[in-house]
Amino acid sequence: MILIWLVGILLAAGLAAWVSARWSAQAPRWIALGATAADFVIGLVLWLRHYEQLSLLPQNKWLAQVDWNWIARFGVHFHLAMDGLSLLLLLLTFFLGMVSVLVSWTEIQTRPGFFHLNLLWVLAGIAGVFLALDLFLFYFAWELMLVPMYFLIALWGHERRQYASVKFFLFTQLSGLLMLIAILALYFAHHAATGVYSFEYEQLLGTPLSSAAAWWMMLGFFVAFAVKLPVVPVHTWLPDAHTEAPSAGSVVLAGLLLKTGAYGMLRFVVPLFPGAAHQFAPIAMILAVIGILYGGLLAFGQSDFKRLVAYTSVSHLGFVLLGIFAWNELALQGALVTMLAHGISTGALFVIAGMLQERMHTRELDRMSGLWSTIPRISGTALFFALGSLGLPGLGDFVGEFLVLLGTYRVSVVLTVLAAIGVLVATFYALRLVQRAYHGPNLHDWQLPDLGNREAFILAPMIIVLLWLGLYPSPVLNTFKPAMNSLRQYVSRPVAASRR
Amino acid sequence: MLGLLWLVPIVPFASFICLAILGARMSRKTVAAIGVGAIAVCTALSILITASFLTSPPAGGSYTQVLWQWIGVAGFHPQIAFYLDALSLIMMLVVSFVSFVIHLYSAEFMLDDEGYSRFFAYMNLFVASMITLVLANNLLLLYLGWEGVGLCSYLLIGFWYQDSANGVAAQKAFIVTRVGDTAFAIGLFLLFAHLGTLDIQELMHRAAQQWPVGSAYAIAASALLLGGAVGKSAQLPLQTWLPDAMAGPTPTSALIHAATMVTAGVYLIARTHVLFSLAPATQFAVAVIGAATLLVAGCSALVQSDIKRVLAYSTISQIGYMFLALGVGAWSAAIFHLMTHAFFKALLFLAAGVVIQALHHEHNLLKMGGLRKDLPYAFWGFVIGGSALAGLPLITAGSYSKDLILWQTWSSAQGSTALWIAGMVGVLLTSIYIYRLIFLVFYGAKKMEVRHRPGWQMKVPVVVLSVLSIVGGFVNIPAALGNVPAFTNMLHSALPEVVERHTTGINEVLSEGIAAVAFVLGLCVAFLVFMRRRSLAEKMASTSIGQALHQLWFSDWGMDWLYDRAFFRPVVWVARVNKGDFIDAFYSGLAHLSEFGWRALRTTENGRVRWYAAGITAGTVIFVAIVLWL
């Protein structure tokens, strides 16, 4: 039941925020903050309560679940379930949810009610994606993320918002349709094999498929998730969407929406089609390494603060893809930590970009230069997160990327070396960002207000979380471990069968 | 007492956090009290721990303190844990003590700088990282310290950030060292994949058990670690960042870019010496890199006009000696030289700081002169430090350590005559360039007025380091003078002794004698050319060969130019050209195509009956044709 609450609170609060805007412009903000905070607290309590249990059991079934019949005739269930993987990503969702509400506090002045409706519904969609175990419901949640996100970009975005939002919509919608086809194909294939119509994840696992059918279905899922992740060459919606979105939109996009792609790969692509995924792994890993290097190079060339940060996501999520398809314990744990740490560090960079834009009304690095002398606190914080992005040991990103590379080394030495060069490229773009924006002479004589209390209140927890992930990630690793073991078991099962 | 070990890195780290958050609101006095005080505490703790370690040595000669498990995944269990043995003990002591002295100096040197608290915050973070590097019990934690010191180096080179040139130098330092670090990281992947741990002692144990001498894995792993060491210690071919790093404040150059951080590569190799012993090919490469670097940098130092750049090249060259020692298996000698070098090089930089401040931030040697009377502390600092650097026999610390390296380069089983000769030529070069500097700066006609004289906070460090630059060598008296090698004896609990070869030809005393001759020769050349007859120097420089050599050496053998053209510019060019992402052109093309299609179709919908009639007719004809003929 608790899972219904997690999603329900967001949906209901969204409507309440919309309605409340009639009476006060501040009300929707407080409602949204309250809802995300309530969800975060619930998530935290769940984590603390289950933590002991998590580390004792070698692998868990679900920590909590709800399973209702929805459309019985088609075998559609309303089935939500949570394991360690979902739990961690939900915590990230609610944490960044609070961040995005706070970051919009003064930035969003037009139609705050409708804004918060959209924001909360995107979060609800994301939470639904991380929880849904019925593929029909999953697809429903997947689409639920899309529409409010489109509105967030199209209505509250920057100069080229129409272009960016339509591009975002087309990429996601088209790739989502491929996934829908793959879901339906799997649904009918499962019926053909067992005589049961079902969208249930656990029933569909291990559905006997011809290798060609598995290959095409796997690709259908893969493309949908690859667009979200994003994987080169279907990444080009990302810089536009991230750049044009309002700060909250960028935080949600980079911190959460991209993670749904990674989650899909972990939860569905590999476990549902282990054989095909295994065959496909070399291609996916090569694409991942191309993404790491190419994304880094693109980031290095940008002169727009947000666009630069946006491209770094292409690079960082390449590590996630690499880790998922290397599919061993080290690499998977690394992929997970990278997902969380990237959510924090890149999210924070977008928050800072928003603060700069609010003060300076520009994102152009050429118009910045020497900001350290006027806003040292914001500059120092930006430096911290840039260091996270370039993989400084002691911060979360390092742990993730190091584990991914350590795991990938066992699969392919060449790809590991190339990906490690990607970390070097990260040095290039991160230092360039710091140099262009904060160091150098204050050419344009900016006199700006430094970090305010609300802003410090947003960024300080992010600093602490990033340090915590970098120095003591064990709670996260232990939480993910049982979930990872069951994922790995799904995969090893048919391989063992085929060997026989 | 050893249980206090964790405080040694934590105290400066805590003070960093305190200064980073609250520093801007504190008075300069408070900042200095916290910044210097933390390092004083850190030094006191190191001394207490050393005393305890020496009086009641722990079982097995080492002590490990585990704080918590850092990561635990599938057999990969690096800990946050500190390991103390004779080697890390000496490093900790040298690092904390030299840091303390330099912090004290900085309290006065940086007094007028607006970034006072930022400076001490970075410096304290540096000390915390360096101590972590030194005490780490596993390579991952060492890597954390390693990257941490690299970060501080970057921050402090670019400390005066308002000048973009400093930013460029800082980025260069970070990126070039990170090239080496990438190799280091790949080395860690390899070591973990094959030996299943990154705990240094366990790793060395397993390597020795599982890999035979000369095994390909040992060679690859040690070569990758060497890559990291070469980057950090500014050895060929990654030395180009260090001379530019002089853009930072002078105390930074003294601490990070001379005494401590740049010797981290030497420490890394000594720490993992078992691995290098298993890979003779890599070890030979270490010796060759060391020998080549000490000569190349020595030549470059001869012609520099910036006082700090002379010292920077001299640092590169001296670390070359340490690499040479490591390469021939003279592990203890390398660490001995690391220690004495920390004293005299820090001294030289601090004395240079006095000169630079006195002349209002003038760096150019050729504009200086006759400062002997006005700046006696700087003068004597330079004389003592310079003589230690060049190796004035018997008196200075530098001669003890360098003579030991030279002798063992000859006598070691991995040594050779060629390497020994390179080392001797290096002595000659060192002596020439450092006395050139001293003669140019302190003798001759006075060219600039002294505007600022040092106070006690700057004088005391100069005096302390001067004393250490002399007595620092007495801890290891060679055979000819009574044979009390206390320092190397102590290290032998952590590092193996040098394996001697059977040689005839020269003995230890003769080697020392030849080094003394080379030293005197260099001094005489410098005296003749830069003191007696300065016209001689100009004459030599104006010949065509002289000009070419000057140009070559001045530009650091053109390697900067090469890297700029071969790597940096192409990357920047590609990034700039591809700013719009050529892949997106495909999707824009698609969009344009559909837009074109839409326009084309739209023109048919024009409301003219003739068009529609023609369309219907054409459609009918086509359909009929299809039905009839297909």
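Residues A/Arg410 and B/Phe192 form a side-chain contact, since some pair of their non-hydrogen atoms from C-beta on lies under 4.5 Å apart. Counting only heavy atoms from C-beta outward, the side chains of B/Trp68 and A/Ser474 never approach each other to under 4.5 Å. Counting heavy atoms from C-beta outward, B/Asp584 and A/His235 have side chains that stay 4.5 Å or more apart. Side chains of A/Val399 and B/Trp70 form a contact here, defined as non-hydrogen atoms less than 4.5 Å apart. Side-chain atoms of A/Tyr294 and B/Asn578, non-hydrogen and from C-beta on, do get closer than 4.5 Å to each other.
B/Arg569 pairs by the salt bridge (Lys or Arg N to Asp or Glu O under 4.0 Å) definition with B/Asp564, not counting sequence neighbours.
Contact of B/His194 with chain A is made through the side chain alone, with heavy-atom distances under 4.5 Å. Contacts of A/Arg307 with chain B are absent, with no heavy-atom separation under 4.5 Å from either backbone or side chain. For B/Tyr154, the part sitting under 4.5 Å from any heavy atom of chain A is the side chain, from C-beta outward, and nothing else. Using a 4.5 Å cut-off between heavy atoms, A/Leu387 contacts chain B through its side chain alone, with no backbone atom that close. Within the 4.5 angstrom heavy-atom criterion, no atom of A/Phe480 approaches chain B. Contacts between B/Ile175 and chain A at a heavy-atom distance below 4.5 Å involve backbone atoms as well as side-chain atoms. Contacts between B/Val577 and chain A at a heavy-atom distance below 4.5 Å are absent for every atom of the residue. Of the atoms belonging to B/Ile21, it is backbone heavy atoms, and not side-chain ones, that fall under 4.5 Å from chain A. At a 4.5 Å heavy-atom cutoff, the contact between B/Phe582 and chain A is made by backbone and side-chain atoms alike. Only the side chain of A/Val434 comes within less than 4.5 Å of a heavy atom in chain B; its backbone stays farther off.
Under the 6.0 Å cut-off for aromatic ring centres, A/Phe171 and B/Tyr587 qualify, their centroids lying closer than that.
Below 30°, between 30° and 60°, or above 60°: for B/Phe76 and A/Phe402 the angle between ring planes is below 30°, a parallel geometry. Classified by interplanar angle (parallel below 30°, tilted 30° to 60°, perpendicular above 60°), the ring pair A/Phe428/B/Phe568 is tilted.
In terms of heavy atoms, B/Lys579 sits closest to A/Leu298 at O-CD2, 4.2 Å. Nearest heavy atom pair, residue B/Ile71 against residue A/Pro473, reads CG1-CG, 4.1 Å. Of all heavy-atom pairs between A/Gln435 and B/Gly167, the closest is OE1-CA, 3.4 Å.
Your options are B/Asn166, B/Leu140, B/Leu141, and the one with the most heavy-atom pairs under 4.5 Å with chain A is B/Leu140. Taking A/Ser369, A/Gly380, A/Gly301, A/Pro376 one by one and counting their heavy-atom pairs under 4.5 Å with chain B, the maximum is reached by A/Gly301.
Here the NE2 atom belonging to A/His439 is positioned 9.0 Å from the CD atom belonging to B/Gln171, to the nearest 0.5 angstrom.
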